[in-house]
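Below, read A as the first sequence line, B as the second, and so on, with proteins coming before strands; counting in each chain starts at 1. All figures in this text were calculated on a predicted structure; none of them were measured in a lab.
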Protein chains: 2
Amino acid sequence: MPPCWISLRGSMARAAPLDPTSDAERYIVPGLQRGLQILRAFDRQRTQLGAPEIARELGIPRSTVFRLMQTLEYMGLLEKVDHSSEYRLGIGVLSLGFECLASMEVTELARPILDRLRDETGFSSHLAIRDGADVVFVVKSAAKAAFASSVTIGTRFPAHATILGRVMLADLSDSELQTVYPTGKLPRYSDQTPETVTALKKILEGDTSRGYALSAAYFEHGIGSIAAPVRDSSGRVIAAINVIFQDGKVEKNDYIDRVLQAASDLSRQLNYHPAVNKQERRTG
Amino acid sequence: MPPCWISLRGSMARAAPLDPTSDAERYIVPGLQRGLQILRAFDRQRTQLGAPEIARELGIPRSTVFRLMQTLEYMGLLEKVDHSSEYRLGIGVLSLGFECLASMEVTELARPILDRLRDETGFSSHLAIRDGADVVFVVKSAAKAAFASSVTIGTRFPAHATILGRVMLADLSDSELQTVYPTGKLPRYSDQTPETVTALKKILEGDTSRGYALSAAYFEHGIGSIAAPVRDSSGRVIAAINVIFQDGKVEKNDYIDRVLQAASDLSRQLNYHPAVNKQERRTG
DNA sequence: AAACGTTGTTTAATATATAAAACAACGTGT
DNA sequence: ACACGTTGTTTTATATATTAAACAACGTTT
């Protein structure tokens, strides 16, 4: 069963602005906010929804949802499912997402690199970026083998529970970590997931000194992963590359260099110039 | 220079509702509509925009745009570019588009088929669906050669001017064509683009009898293409598969069967059962 | 340096969307 | 056949978003 935290509500406001005079939420246009909330109510599990269902879930009056959905249909973001009264996401939403992707330089450059990594290792490889406490997959090169990655582009995971995320979190300063995790508490997904920012930092220190991260038992048993950071010209980590495989069946060390190399290649294309004490690793 | 009709405004309302009592546009929520218009103002050419610019372009008061953009930022669909006052599309939009893709059965099934087609022919292959008078690319398998497809997922083209589009339009009845082209006039993109629905129908008849469509001089000189329709269990054309190549340099007939086979494979996976008089074609 | 055009942000009057209520049209169970 | 719960749609008073105008803070030009 697909895990429920592959949810798209990651970067999204859950509640309506509580206090109209509160700082960040002072000028929120409800019509727009709720319209977007409606769009986000659709996901892989629930691909088609009716107005009443959404109204209940979001706590918005039926007639308002009705109007909003009509607007969304008019804009091509929703479409009526056959002749029923339910809606599903319309192809119009594609334009948005892909324009976003297309405008990200990294993704353009990453594709051939991921493909090569996939060919070299035989594993599915991904490029992900961080959005707050989430990692978001933006490019994927699926393994040709029977065991291939099932994550799709746009999928979100909790950063602290994935290798990809750890590699990116490791670049943050203490104060930046504080911003990402204001409470200091982290949700658990397996018995190895760190529970507090302090515990997370310990793990990150190890990752940082090695320059890559191993194993993914923090999140899901049986899935192994190797990840390495991608840096831009300023030296900051802006993304991460990984490969995934069935844990225990592979000798991880054989692939670390490949992943590091791919990440390093991409970093170089982004005009990252490694510091002097950074050693080049190469296989063979 | 990239052509301007690779625009995402295809399925979108250009003007605000003119007459509030007119039929289809009676219940449009302006806040939502304009918020989405703002999102759509971003494209490959203009990846970052400021509020004044958008206000001018859409004819919306500055202060309104300001509020809408603040809402969009709050929802994770826009993000401030560094510390300037400009915005770019945020990663939040990915969640929308890809949930849509993920919910489309075709795309899941199409990928391996497109990859095989690409490997067999050496050309970039695509799956596209039709949205009104547009074709929208939804899956792509890029050629490994130097000459690869530059279209990205989500790209829109005028259907009547592309092979992919013709293959899908050919499945429409006269009345459906009427709905798609109410005026009967078609914009021209090359001297071979049909100008009227009547002229288009002539071409479509030929495509239908052959079961595939050839050559793309209707749209852009120098680009060749072969496309074939994908049908669902009801027998209706729901998508189309194509390969593209540099025109004149290849013997098209060598590849027609491959494309037909790929389209047929995908159709069969969608539970399409060909009619009795439909002959199976196979190479070798 | 002063005048000007930008732009980001806020205010306040007015135009407008909202949401409760009501209606119609279903299906479902009794 | 009737009562009941759904749902799609429309109305209408009221709550709310909109927008012109104004302010502040820039950078340019003269």
Side-chain angles (χ1 to χ4, degrees), chain A residues 13 15-39 41-42 46 48-75 77-88 90, chain B residues 13 15-39 41-42 46 48-75 77-88 90:
Chain A
L18 329 91
D19 178 3
T21 57
S22 90
D23 225 38
E25 316 176 350
R26 235 180 323 188
Y27 295 130
I28 299 296
V29 178
L32 179 53
Q33 181 183 31
R34 309 215 268 205
L36 297 170
Q37 284 176 335
I38 290 176
L39 286 180
F42 294 82
R46 300 135 41 84
Q48 52 188 63
L49 299 169
E53 197 171 352
I54 295 180
R56 267 191 305 275
E57 184 170 328
L58 300 179
I60 305 175
R62 277 195 3 254
S63 61
T64 306
V65 171
F66 171 72
R67 280 171 150 74
L68 290 170
M69 291 182 89
Q70 218 165 276
T71 305
L72 289 169
E73 183 187 11
Y74 179 70
M75 297 295 285
L77 300 193
L78 286 183
E79 51 191 35
K80 272 225 165 71
V81 95
D82 287 326
H83 297 293
S84 85
S85 60
E86 300 223 302
Y87 286 86
R88 62 163 167 251
Chain B
L18 329 92
D19 178 2
T21 56
S22 88
D23 225 39
E25 315 175 351
R26 235 181 321 188
Y27 296 130
I28 300 295
V29 178
L32 179 53
Q33 181 184 31
R34 308 216 268 204
L36 297 171
Q37 285 177 333
I38 290 176
L39 286 180
F42 293 83
R46 300 137 42 85
Q48 52 188 64
L49 299 168
E53 195 171 354
I54 295 180
R56 268 191 304 276
E57 185 170 327
L58 299 179
I60 305 175
R62 276 198 1 257
S63 59
T64 306
V65 171
F66 172 72
R67 278 170 150 75
L68 290 170
M69 291 182 89
Q70 217 166 277
T71 305
L72 288 169
E73 182 187 12
Y74 179 69
M75 297 294 285
L77 300 193
L78 285 184
E79 51 190 36
K80 273 226 164 69
V81 98
D82 287 328
H83 297 293
S84 85
S85 60
E86 300 222 304
Y87 286 86
R88 63 164 166 250

Tell me: CD of B:Q33 to C1' of D:dT18, nearest whole Å? 15 Å
Separation of B:R67 atom CZ from D:dT19 atom P, in whole Å? 10 Å
Roughly how far, to the nearest 0.5 Å, is CE of A:M75 from CG of B:L39? 9.0 Å
Taking atom C1' of C:dA17 as reference, at what distance in whole Å does atom CG of B:L32 sit? 12 Å
Euclidean distance, atom CD of residue A:E53 to atom C1' of D:dT6 [Å, nearest integer]: 13 Å
Taking the minimum atom-to-atom distance to the side chain of A:R56, which one of C:dA17, D:dA20, D:dT7 wins? D:dT7
With nearest nucleotide decided by heavy atoms, which residue, A:E86 or A:P30, maps closer to the 5′ end of DNA chain D? A:E86
Is there a side-chain contact between A:F66 and A:R62 in this structure, where contact means two heavy atoms from C-beta onward sitting under 4.5 Å apart? no
Would you say A:T64 places a side-chain N or O within less than 4.0 Å of OP1 or OP2 belonging to C:dA19? yes
Note, A:E53 side chain near A:R46 side chain (heavy atom, < 4.5 Å): yes
Tell me which nucleotide among D:dA20, D:dG8, D:dA17 gets nearest to the side chain of A:R62. D:dG8
Measure CZ/B:F66 against P/D:dC23 and give the value in whole Å, please. 18 Å
Evaluate the side-chain proximity of A:K80 to A:Y87: yes if any heavy-atom separation is below 4.5 Å, no if none is. yes
What is the distance from CD of B:E73 to P of C:dG8, rounded to the nearest Å? 12 Å
Between atom CE in B:M69 and atom C1' in C:dT7, what is the gap in whole Å? 13 Å
With respect to the side chain of A:S63, which nucleotide from D:dG8, C:dA21, C:dT7 is positioned closest? C:dA21
Kindly say if A:R34 contacts the phosphate of D:dT16, meaning a side-chain N or O under 4.0 Å from OP1 or OP2. no
Could you tell me whether the side chain of B:I60 reaches within less than 4.5 Å of the side chain of B:Q37, counting heavy atoms only? yes
Rounded to the Å, how far apart are A:L49 CG and D:dT7 P? 12 Å
